[in-house]
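A quick write-up on the structure given underneath.
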Amino acid sequence: MPSPRYWRAIPSRLRLEAVRCRSCENVVYPSRRICPHCHGTEWEPSELSRSGEVVTSTVVHVGPDDFANEAPYVLALIETPEGARLMVQVTDCEPEEIGPGTSVNLEFRRIRAEGNSGILCYGFKAVPAG
Ligand code: ZN
């Protein structure tokens with residue numbers, strides 16, 4: 001079965017819902033209790049754009065068991081226009097096409113099948129734009 005952490009994260013995973021700090025307007029994803037910028041604790045929901053730019057990326061050659069069939073694959077830190085940063089897999093590309101500044105779209109995709117049960121987990125992946 002998918003872990004409790006997976007189920008708790010479903011609302012933010014499905015809607016790409018981040019939070020905006022009411023004090024300094026910093027946008028973070030996933031949500032957290034204390035703003036890393038100003039230590040504020042008051043938040044409002046903020047849905048992220050389905051696009052962004054690669055800040056940094058790496059190629060994974062030996063992944064965890066659930067991703068073993070997909071290696072090599074690209075993991076990238078993506079910054080959305082709102083300023084939120086999230087780590088996602090980049091798909092539908094050759095690893096050498098991806099680097100800092102690459103424009104991507106965030107698309108809802110199957111992430112993996114969990115263990116032998118075959119339960120499917122979904123979330124966002126980045127796909128090169130254009
Ligand atoms: Zn803040």
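Each residue takes its place number in the sequence, starting with 1. Whatever order the structure lists them in is the order used to number ligands and atoms, beginning at 1.
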Point to revise | Metal site angle (apex the Zn ion (ligand 1)), SG from C21 and SG from C35, 10 degrees | key: 110°
Point to revise | Angle in degrees, rounded to 10°, that SG of C24 and SG of C38 form at the Zn ion (ligand 1) | key: 110°
Check your understanding: Partners of S57 by side chain to side chain contact (heavy atoms under 4.5 Å, CB included), sequence neighbours excluded?
Key -> V54, V74, A76, I98
Exercise for review: Check whether any N, O or S atom of H39 sits under 2.8 Å from the Zn ion (ligand 1).
Suggested key: no
Check your understanding: If only atom types and distance count, is the side chain of W43 paired as donor or acceptor with the main-chain N or O of S31 below 3.5 Å?
Key -> no
Point to revise | Spatial distance of atom CD (E79) from atom CZ (R85) [nearest 0.5 Å] | key: 4.5 Å
Study note, to complete from the structure: Checking E82, E44, E47 against R20 for salt bridge (Lys or Arg N to Asp or Glu O under 4.0 Å), the one that qualifies is E44
